[in-house]
Amino acid sequence: MPELPEVESVVLRLRQTAPWAKIVACGQFRSTTARGLKRALGHTVDAVDRRGKNILLRLSGGAFLRIHLKMTGGLNVIPGVNLRQSTVRAWLTLEDGRAIVLNDPRALGRISFHHAREERSLFARLGPEPFSEAFTPEHLIAAARRTAKPVKIFLMDQRAVAGLGNIYAAEALFHARIHPAAPARQLSAKKLAVLHRVIRDVLELALRSASVAYEDPGGFAEAEDFPVAVYGREGEPCPRCAARVRRIAQGGRSTYYCPKCQK
DNA sequence: AGTCACCTGATT
DNA sequence: AATCAGGTGACT
């Protein structure tokens, strides 16, 4: 999926399509894609929120739909849904004819219906929003002290901070000059304070780039001008020191880093 | 913490 | 044919 910046750009775009007409029909091609979609019928979307990488469509009556785009999902509002389009996985048709469509080539994206009271437990294990006041250097330091994970796994885990994925975790560690395999608990408070700051910097810059993404209704477009330093650049020169970027596997995923800058 | 599972498409 | 992909939850 899109990581936090791309999800946020989807949310901002959805908000621009308000006011919303009543949801009058819905559909999905497989049972696993969505749960309880029909319970949204007759309601309107009152607000669109984001929690970590989750999109929340708050409905009249207090319930909400939780949408997770996973790796390749996209959420679009279009004049009408084209069910011949192979990436369409689920849709909500509005009374004015428009449709909210989950497009996802890999079909990993999920939608679920929840009552308002379920929100707390649903996100109980999700860490603070990176731009919230709750996400302080002290919070990151305390979380790091509690884990045995390598720092890159720790950042992707969503419990210390919500919204980082494979790309921006690697990019943040590059800018903080921290080796991705370093145990999080062994990092100094000073290093973690730097990491805290670069997480915000990286996400903010990515968010600006991501505002032009997701124009492609068939899926998602890559953020256009985010200056990727190491991700996907195995063998290419580090932009800071020109050493070759290295790729290692962590938790079954690729991690990219500069072996000279990140000790 | 690593591995698999969920899915499909692009690339080697 | 095999490997990889911006995620995450359920295993071991």
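A, B, ... follow the sequence lines: proteins, then strands. Residue 1 opens every chain. Because only heavy atoms are used, hydrogens play no part in the values below, and waters and symmetry mates are left out as well, while side chains stay in.
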(request) State which of C/dT8, B/dC7, B/dG2 makes the closest approach to the side chain of A/Gln158. (result) C/dT8

(message) Counting only side-chain nitrogens and oxygens, does A/His68 get under 4.0 Å of the OP1 or OP2 atom of C/dG7?
(response) no

(request) Scan every strand shown for a Watson-Crick or G-U wobble partner of C/dC11, both distances under 3.5 Å, and answer none if you come up empty. (result) B/dG2

(request) Rounded off to whole Å, could you give me the CG-to-P distance for the A/Leu102 and C/dG7 pair? (result) 16 Å

(request) Tell me which nucleotide among B/dC7, C/dT8, C/dA5 gets nearest to the side chain of A/Tyr256. (result) C/dA5

(request) Let me know the distance between CG of A/Leu108 and C1' of B/dA5, rounded to the nearest Å. (result) 10 Å

(message) Taking any heavy-atom pair under 4.0 Å as a contact, classify A/Gly251: base, sugar-phosphate, or nothing.
(response) base

(request) Consider only side-chain N and O atoms of A/Asp46 and A/Ser60, and report whether a donor and an acceptor are under 3.5 Å apart. (result) no

(request) Could you state the atom-to-atom distance from CG of A/Asp104 to C1' of B/dC6 in whole Å? (result) 11 Å

(request) Side-chain contact test, heavy atoms from C-beta onward, threshold under 4.5 Å: evaluate it for A/Arg253 versus A/Met156 and give yes or no. (result) yes

(message) Taking only side-chain N and O atoms of A/Thr87, does any of them lie within less than 4.0 angstrom of OP1 or OP2 on B/dG9?
(response) no

(message) Name the residue from A/His114, A/Arg51, A/Arg58, A/Arg66 that meets the side-chain hydrogen bond (donor to acceptor under 3.5 Å, both in side chains) definition with A/Glu119.
(response) A/Arg58

(request) Establish whether the base of C/dA5 is bridged to the side chain of A/Arg253 by a donor-acceptor pair shorter than 3.5 Å. (result) no

(request) Calculate the interatomic distance between A/Ile67 atom CD1 and C/dG7 atom P; express it in whole Å. (result) 18 Å

(message) Measure CG/A/Asn166 against P/C/dT8 and give the value in whole Å, please.
(response) 11 Å

(request) Flag this pair as yes if the NZ/CZ of A/Arg240 is under 6.0 angstrom from the six-membered ring centre of A/Phe174 and inside a 45 degree cone about the axis; otherwise no. (result) yes

(request) Could you check how far CZ of A/Phe154 sits from P of B/dG2, rounded to whole Å? (result) 16 Å

(request) Provide, to the nearest angstrom, the distance between the CZ atom belonging to A/Arg106 and the C1' atom belonging to B/dT8. (result) 7 Å

(message) If you only use heavy atoms from C-beta on, which nucleotide in B/dC6, C/dG9, B/dT8 is closest to the side chain of A/Arg110?
(response) B/dC6

(message) Regarding A/Phe29, tell me which of base, sugar-phosphate or nothing describes its non-hydrogen contacts under 4.0 Å with the strands shown.
(response) nothing

(message) Both A/Gly252 and A/Arg66 contact DNA chain C. Taking the nearest nucleotide for each, which residue is further toward the 5' end?
(response) A/Gly252

(message) I want to check something: taking the side chain as every heavy atom from C-beta on, are A/Tyr168 and A/Phe226 in contact at a cut-off of under 4.5 Å?
(response) yes

(message) With a 4.0 Å cutoff (strictly under), does any side-chain N or O of A/Tyr168 reach OP1 or OP2 of C/dG7?
(response) no

(message) Taking the P atom in each of B/dC4 and C/dC4, what is the distance between them to the nearest angstrom?
(response) 13 Å

(message) Would you say A/Arg30 places a side-chain N or O within less than 4.0 Å of OP1 or OP2 belonging to B/dT8?
(response) yes

(request) For the residue pair A/Phe29 and A/Trp91, categorise the inter-ring angle as parallel (less than 30°), tilted (30 to 60°) or perpendicular (more than 60°). (result) tilted

(request) Starting from C1' on B/dG2, measure out to CD1 on A/Ile248 and report it in whole angstrom. (result) 14 Å

(request) Compare side-chain N and O positions of A/Ser254 against OP1 and OP2 of C/dA5 and report whether any pair is under 4.0 Å apart. (result) yes

(message) Would you measure the distance from the P atom in C/dT8 across to the matching atom in B/dG9 and give it in whole Å?
(response) 22 Å

